[in-house]
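Please read the structure below before turning to the comments.
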Amino acid sequence: MENLVRVQDLDSLKQATSGTEHYWLFKHSSTCPVSAAAWNEFNEYCSLHPNQLFLFLVVQEDRELSNNIEALTQIKHESPQLFHFSNQSVDWHASHGDITSKAMQEFIA
């Protein structure tokens, strides 16, 4: 899926979002079953919306970026965690079981 991009540091995040007004960012824990369920919901939504930009990071492997996102957004870290950015500001976020394809669709609608 071309619209699903892994970011591993602030530079790759900035490069991926350059010129993009709206995008999603998913913070995934590779060892958590709740995160696996949220990942499936996220991917379901991704597959239905090929014109949107979806970014993700793996918290265990990209800890510094995860911490930087917490500092930039001023939103306490949780994983799984999903953000929607509009003009480089968070306008929606969810964590754990609140990350569903339906919730994402309702936000965008």
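These figures come from a predicted structure and were not determined experimentally.
- Within the structure, the salt bridge (charged side-chain N to carboxylate O under 4.0 Å, His left out) test picks out the following pairs touching residues 33-61 (sequence neighbours left out): Arg6-Glu61.
- Annotation: the span from His28 atom NE2 to Asp62 atom CG amounts to 11.0 Å, rounded to 0.5 Å.
- Residues passing the side-chain hydrogen bond (donor to acceptor under 3.5 Å, both in side chains) test with Ser12 are Asp9, sequence neighbours excluded.
- Between Trp39 and Phe56, the distance separating the two ring centers is shorter than 6.0 angstrom.
- When the side-chain contact (heavy atoms from CB on, under 4.5 Å) test is applied to Thr31, the partners found at least two apart in sequence or on another chain are Ser29, Gln60.
- Smallest separation of non-hydrogen atoms from Ser79 and His96: O-NE2, 3.4 Å.
- Enclosure of atom CD in Gln8 by more than 12 non-hydrogen atoms of other residues, nucleotides or ligands within 6.0 angstrom is indicated.
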Under 3.5 Å, side-chain donor or acceptor atoms of residues 100-109 against the rest of the protein: list the pairs with distances, not counting sequence neighbours.
from	atom 1	to	atom 2	distance (Å)
Thr100	OG1	Ala103	N	2.9
Gln105	OE1	His49	NE2	2.8

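- Scanning for side-chain contact (heavy atoms from CB on, under 4.5 Å) contacts around Leu10 gives Leu13, Leu65, Asn68, Leu72, with sequence neighbours left out.
- Ring-plane geometry between Phe26 and Phe42 is classed as parallel, the angle between the planes falling under 30 degrees on a 0 to 90 degree scale with a further cut at 60.
- Leu82 contributes atom CG, which lies 10.5 Å from atom CG of Leu55 (distance to the nearest 0.5 angstrom).
- Annotation: the span from Thr17 atom OG1 to Leu25 atom CG amounts to 9.5 Å, rounded to 0.5 Å.
- In this structure, Asp98 has no side-chain hydrogen bond (donor to acceptor under 3.5 Å, both in side chains) partners at least two apart in sequence or on a different chain.
- By the side-chain hydrogen bond (donor to acceptor under 3.5 Å, both in side chains) test, Gln88 pairs with Tyr23, sequence neighbours left out.
- The heavy-atom pair separating Gln81 from Lys76 by the smallest distance is NE2-O, 2.9 Å.
- Between Ala16 and Leu53 the shortest heavy-atom distance is O-CD2, 3.4 Å.
- Atoms OG and NZ, from Ser95 and Lys27 in turn, are 10.5 Å apart once rounded to the nearest 0.5 Å.
- Val90 pairs by the side-chain contact (heavy atoms from CB on, under 4.5 Å) definition with Thr73, Ile75, Phe83, Phe85, His93, not counting sequence neighbours.
- Residues passing the side-chain contact (heavy atoms from CB on, under 4.5 Å) test with His22 are His84, Ser86, sequence neighbours excluded.
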